[in-house]
Amino acid sequence: MVNEKESLKICLLTYRGNPASGGQGVYIRHLGLALKELGHQVEIISGPPYPQLADQIPLHKLPGLDLYNPDHLFKVKDKKGLLNPLNILEYASMCTGGFPEPFTFGRRVYQHFKRVSPSYDIVHDNQCLSPGILALQRLRYPLVATIHHPVTIDRETELREATSVLKKIKIRRWYSFLDMQKRVSRRIGRIITVSQASQRDLSREYGINPGSLSVVMNGIDREYFHPVPGVERENDHLLVTNSADTPLKGLRYLLEAVATIRKKRTIRLTVIGAPKKNGVIEQLIRHLGLGEAVNFTGRIEYNQFAHYYARAAIAVIPSLYEGFGLPAGEAMSCGVPVISTNGGALPEVVGDAGIIVPPGDRIALENAILSLLDDPDRRSRLGQAGFERVQKLFTWRRAAEQTLTVYREAIDANNRA
C-alpha cells in the first residue's frame, strides 16, 4: 500500500470548470483546494469555461470552441479554429444537435499527455468519461473518475416532459454522448460517486460493477454559505435555487403549490437563477397568474447567496432527483429550514433536519410549506439542526481525505497490473 503520509502529485480533469456551469465547477474548485491544504500537489486541466481557482493551484487551459458560451452561443469565436480536424468534428456535432464537449476534451487531454508526458501520481477525471481519458491508462497513469449521478435520469425525465416527437428526437440526439460515457465508465477501475443513491443508480443505469464505486459525499463551502447575523427573516418568503427550465429540478411543482397557497395567504418566491425567455416556466407563471409573486434574481455572485438565504423563511428543494443535492446542503449551512423531496440522494443530505416530501407532488409541497410557515418555532429548530448537520458531515476536508483513500487504491492497483 502507498504510504498514507506520502505527498501525491494530483491531476484533476474537468471538461468545463467554471462554477457558473454547475456543480462540477464547484466540485473541482473545492476538492482541489482541500487536497492542496492536506499537503498534496494539485494541478487542474480544464476546457472552457475555465474554473476559478485558489492562486496556489496551477491551471492548464485546453482551449476548445466554447460553443455554449452565452456571449457567442453556438458560434465559433475564432474561425481559424476550424482548421483543426478535432474542432471541425466538435462544430459539426453541435450543428446536428449533439453535445460533443466530453469527447473532444478527452481527445485534447490525451494529445496533451502524449506531447508533454507530465509526471502525475494520479489522474482524476470529473465526469468527462471520454475514450481519450480512458486511454491514459495505456500510458500507465493511475486513473480515477467521479460520476456525480447517472445522467440517464436527466434524459428520461426530459423525454417524459417532451410534448412532440421532434422534441424527443432532439433530446435523444443531445444525450447521445451517454452511450460513450457508459462504455468508458465500465472500464475504469475506481469510480467515486457522491451518495449511496448515486452508487445504487449508477450500478443499475450504467452497468458498473458495484465494487468499483466508492461513495465520497461532497462538502459545503462555508465561506459563502453561512448564517448572516442581524438580517431578519421575512415571513411568507420562500427561496429556491434552480435551473429553472430543467424538468429534473421540479420547479413547476413548487410554482403550482405557490399558486394554490396564494389563494389562502400572502406568499412570495425568490428563484436564484433565470428562466428561458418564453420557455415552459415563464409560460407556466403567466398561466398561474404568479407574475407578482415570483422573482428571478438572474445569475448572482457567490458572496450574495448568504444574504438571500438570510432573508428567506424557508428554502425549498423540489427536485425530482439529485445525485447529491448541493442546494439543500447550502441552505442548511445558512441556517435556513429546508423542505425537500426525497428524490435521489436528498434524504442523505437533509436527514432529519428538514421536511421530506415525495418528488413531483404539488399537494405534499403545499401542505409542508403551510405547516412550516405556521410554526416559527419548528422553523427555528430545523434551521439550527440543518446548520449543525452540515458542520458535522459535509466538509471538503473530509471529502478530500476519503478521496485520497481511493487514489491510493488506484495507485496500488496500477502498480500491480
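This structure is a prediction, so every number in the text was calculated from the model and none was measured.
- Around CG of Asp352, the count of heavy atoms belonging to other residues, nucleotides or ligands within 6.0 Å does not exceed 12.
- Arg397 has a carboxylate O that lies under 4.0 Å from a charged side-chain N of Glu401, or vice versa, which qualifies the two as a salt bridge.
- Counting only heavy atoms from C-beta outward, the side chains of Pro150 and Tyr206 approach each other to under 4.5 Å.
- Using a 3.5 Å distance cut-off with no hydrogens or angles, the side chains of Glu43 and Tyr120 do pair a donor with an acceptor.
- Taking the side chain to side chain contact (heavy atoms under 4.5 Å, CB included) definition, one finds that Leu393 meets it with Arg389, Arg398, sequence neighbours left out.
- No donor-acceptor contact under 3.5 angstrom links the side chains of Arg187 and Gln137, judged on distance only.
- Remark: the backbone N or O of Gly273 is paired with a side-chain donor or acceptor of Thr297 at under 3.5 angstrom.
- Remark: the backbone N or O of Ile208 is paired with a side-chain donor or acceptor of Ser203 at under 3.5 angstrom.
- Glu292 CD: 12 or fewer foreign heavy atoms inside a 6.0 Å radius.
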Under 3.5 Å donor-acceptor pairs involving side-chain atoms of residues 305-318, not counting sequence neighbours:
| from | atom 1 | to | atom 2 | distance (Å) |
| --- | --- | --- | --- | --- |
| Tyr309 | OH | Thr241 | OG1 | 3.1 |

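- A salt bridge links Glu322 to Lys249: one of the charged nitrogens lies within less than 4.0 Å of a carboxylate oxygen.
- In this structure, Ser130 has no side-chain hydrogen bond (donor to acceptor under 3.5 Å, both in side chains) partners at least two apart in sequence or on a different chain.
- A salt bridge does not link Arg160 to Glu156: none of the charged side-chain nitrogens sits closer than 4.0 Å to a carboxylate oxygen.
- For the pair Ser119 and Lys9, the tightest heavy-atom approach, listed with the atom from each and the gap, is O-CD, 2.9 Å.
- Between the side chains of Thr163 and Lys167, at least one donor N or O sits under 3.5 Å from an acceptor N or O.
- Proximity of the aromatic rings of Tyr321 and His149 is defined here by a centroid distance below 6.0 angstrom, and this criterion is met.
- Using a 30° and 60° split on the angle between ring planes, Tyr15 and Phe99 fall in the perpendicular class, above 60°.
- Residues Phe394 and Phe225 place their aromatic rings such that the two centres sit no closer than 6.0 Å.
- When all heavy atoms of Met180 and Pro102 are compared, the closest pair comes out as CE-CB, 4.0 Å.
- Side-chain contact of Asp412 with Asn415: a donor-acceptor pair under 3.5 Å is absent, judged by distance alone.
- Side-chain N or O atoms of Arg262 include none that pairs as donor or acceptor with a backbone N or O of Ile267 at under 3.5 Å.
- The minimum heavy-atom distance between Leu67 and Lys75, with the atom names listed, is CD2-O, 3.7 Å.
- The two residues Leu38 and Ala400 come nearest to each other via the heavy atoms CD1-CB, 3.6 Å.
- Aromatic ring pairs are classed by plane angle as parallel below 30°, tilted from 30° to 60° and perpendicular above 60°; the pair Tyr27 and Trp396 is perpendicular.
- Ion pairing of Arg268 with Glu234 is present here, as a side-chain N (NZ or NE/NH1/NH2) and a carboxylate O approach within less than 4.0 Å.
- Annotation: side chain of Ile285 is in contact with side chain of Ile281 (closest heavy-atom distance under 4.5 Å).
- Not a single donor-acceptor pair under 3.5 Å links the side chain of Ser333 to the backbone N or O of Gly329.
- Contact between Pro49 and Ser46 at its shortest, heavy atoms only, is O-OG, 4.3 Å.
- Remark: the Ser176 side chain and the Arg173 side chain contain an N/O donor-acceptor pair separated by less than 3.5 Å.
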Take Glu101 and Tyr68, measure what side chain to side chain donor-acceptor pair (under 3.5 Å) needs, and give me the verdict at the end. CA-CA 10 Å; Glu101 278 189 0; Tyr68 306 95; over 6 Å; no

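- A donor-acceptor contact shorter than 3.5 Å links the side chain of Asn126 to the backbone of Gln24.
- Contact check on Glu282 versus Lys276 returns no salt bridge, with no Lys/Arg side-chain nitrogen under 4.0 Å from an Asp/Glu carboxylate oxygen.
- Between the side chains of His30 and Asn218, no donor-acceptor pair is found at a separation under 3.5 Å.
- The main-chain N or O of Ile10 is never found under 3.5 Å from a side-chain atom of Gln41 such that the two would form a donor-acceptor pair.
- Contact record, Ala328 with Leu346: CB-CD2, 4.0 Å, taken as the closest heavy-atom pair.
- Asn87 and Arg108 are linked by a side-chain donor-acceptor pair at a separation below 3.5 angstrom, with hydrogens and angles left out of the test.
- In this structure, Glu161 contributes its side chain and Thr157 its backbone to no donor-acceptor pair below 3.5 Å.
- No side-chain donor-acceptor contact under 3.5 Å links Asp121 and His40.
- With Glu348 contributing its side chain and Ala197 its backbone, the two residues share a donor-acceptor pair below 3.5 Å.
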Candidate pair Phe113 and Tyr141, rule ring-ring contact (aromatic ring centres under 6.0 Å, His included), full reasoning: CA-CA 10 Å; Phe113 272 67; Tyr141 288 97; 4.9 Å; yes

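- In the model, Thr152 has a side-chain atom that pairs as donor or acceptor with a side-chain atom of Glu205 under 3.5 Å.
- Remark: the backbone N or O of Ile220 is not paired with any side-chain donor or acceptor of Glu330 at under 3.5 angstrom.
- Between the side chain of Ser212 and the backbone N or O of Arg190, no donor-acceptor pair lies under 3.5 Å.
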